[in-house]
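Beneath this line is the structure, given in structure tokens, with notes to follow.
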Amino acid sequence: MDTNTTQQPKRPTGMTILLVLSFLNACLNIFSSVIMYFSTPFLTEMTQNGQFEEAMGNMPGFNEEMRQAMLDSMTVLSNIKPVYYLFMLVLFIFSLVGVVKMFKWDHSGLHFYAISQILMLIAASVYKYPLMHPSPFTSDLLLTAIFILLYYLYFKRLEMQKNQNSPE
């Protein structure tokens, strides 16, 4: 048995950092999606009934500008349909699967990750971004593209190293 095939390559520090960041992002967003799915109906009711605005009025240290920003944020969150958070939950689980696969040097993880991230952008474009002014679409798209490109380049570099080290 060839010892080169059983030995895992050393993971570049940059890729490890990206994988850890993607892992943490997926885990936090899975948790957030579950919470938002169940709490959106309550947020909607509180915002429509004025309960949230009333609660904001009782918070010391908040000036009027901060209160209005919080109220605007809650209004946007309460207008997002709960199905969006359910869809995002599924996509973040697929993203997490992709990250774990990439951590194990499985190239298919990049496909899981990239497809789920692209579908997240599409879902946010339908459910979330139209409610937000200014929309964070451009920054989200740029960040997604950077991560996918960097993962692709790491795997391409790994493939090139394997080809250089393999006997012909």
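Remember, it's a predicted structure, so these values are computed and weren't measured experimentally.
Of all the heavy atoms in I30 and L96, the pair that sits closest is CD1-CD2, 3.9 Å. M102 approaches M15 most closely through the heavy-atom pair O-CE, 4.4 Å.
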Item checked: side-chain contact (heavy atoms from CB on, under 4.5 Å) between F92 and S116, worked out -> CA-CA 7 Å; F92 275 113; S116 64; over 6 Å; no
Checklist line | Pair D140-Y129, side-chain contact (heavy atoms from CB on, under 4.5 Å): steps then yes or no | finding: CA-CA 11 Å; D140 287 354; Y129 295 150; 2.3 Å; yes
Item checked: CA sep, side-chain torsions, deciding dist, call: V34, L89, side-chain contact (heavy atoms from CB on, under 4.5 Å) -> CA-CA 7 Å; V34 170; L89 172 66; 3.8 Å; yes
Notebook entry, point to check: How far apart are the C-alpha atoms of W105 and F155, what are their side-chain angles, what is the distance that settles it, and do they pass the side-chain contact (heavy atoms from CB on, under 4.5 Å) test?
Noted result: CA-CA 8 Å; W105 290 111; F155 277 114; 3.8 Å; yes
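Atom-to-atom distance recorded for K10:NZ and L158:CG is 13.0 Å, nearest 0.5 angstrom. Here the straight-line distance linking atom CZ of F87 with atom OH of Y127 works out to 8.0 Å at 0.5 Å rounding. Rounded to the nearest 0.5 Å, atoms CZ (R157) and NZ (K162) are 13.5 Å apart. For the atom pair NZ of K156 and NE2 of H107, the computed distance is 9.0 Å after rounding to the nearest 0.5 Å. Atoms OG and CD, from S39 and E45 in turn, are 12.5 Å apart once rounded to the nearest 0.5 Å. Taking OH of Y84 as the reference point, atom CG of L131 lies at 10.0 Å (rounded to 0.5 Å).
No cation-pi contact links R11 to Y154, judged by a cut-off of 6.0 Å to the six-membered ring centre and 45° from its axis.
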Under 3.5 Å donor-acceptor pairs involving side-chain atoms of residues 18-26, not counting sequence neighbours:
residue : atom : partner : partner atom : Å
S22     : OG   : L18     : O            : 3.0
S22     : OG   : Y151    : OH           : 2.7
N25     : OD1  : N29     : ND2          : 2.7

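V76 places none of its side-chain heavy atoms less than 4.5 Å from the side chain of K128. With contacts defined as side-chain heavy-atom distances shorter than 4.5 Å, the pair L110/Y152 qualifies. Side-chain contact check for L121 versus Q117: every heavy-atom pair is 4.5 Å or farther apart. You'll find the side chain of Y113 reaches within 4.5 Å of the side chain of V99, heavy atoms only.
A donor-acceptor pair under 3.5 Å is absent between the side-chain atoms of N49 and the main chain of Q51, judged by distance alone. Of the possible polar contacts, one joining the S139 side chain to the P136 backbone as a donor-acceptor pair under 3.5 Å is found. One N or O on the side chain of T44 and one on the backbone of S78 form a donor-acceptor pair closer than 3.5 Å. Between the side chain of S95 and the main chain of L91, no donor-acceptor pair closer than 3.5 Å is present.
Cluster annotation: V90 and M36 are assigned to distinct hydrophobic clusters (Ile/Leu/Val/Met/Phe/Trp/Tyr, side-chain heavy-atom contacts under 4.5 Å, transitive). Both L142 and F147 belong to a single network of hydrophobic side chains, linked directly or stepwise wherever heavy atoms of I, L, V, M, F, W or Y lie under 4.5 Å apart. Taken together through direct or relayed side-chain contacts under 4.5 Å among Ile, Leu, Val, Met, Phe, Trp and Tyr, M70 and L43 form part of one hydrophobic cluster. A continuous path of Ile, Leu, Val, Met, Phe, Trp and Tyr side chains, each step under 4.5 Å between heavy atoms, connects I115 with I118, placing both in one hydrophobic cluster. Under a hydrophobic clustering in which Ile, Leu, Val, Met, Phe, Trp and Tyr are joined whenever their side-chain heavy atoms come within less than 4.5 Å, directly or via other members, F38 and M74 fall into the same cluster.
I146 pairs with exactly one of I148, T144, L149, L150 by the side-chain contact (heavy atoms from CB on, under 4.5 Å) rule, that one being L150.
No more than 12 heavy atoms of other residues, nucleotides or ligands sit less than 6.0 Å from atom OH of Y37.
A donor atom on one side chain and an acceptor atom on the other are not found under 3.5 Å apart for E159 and N163.
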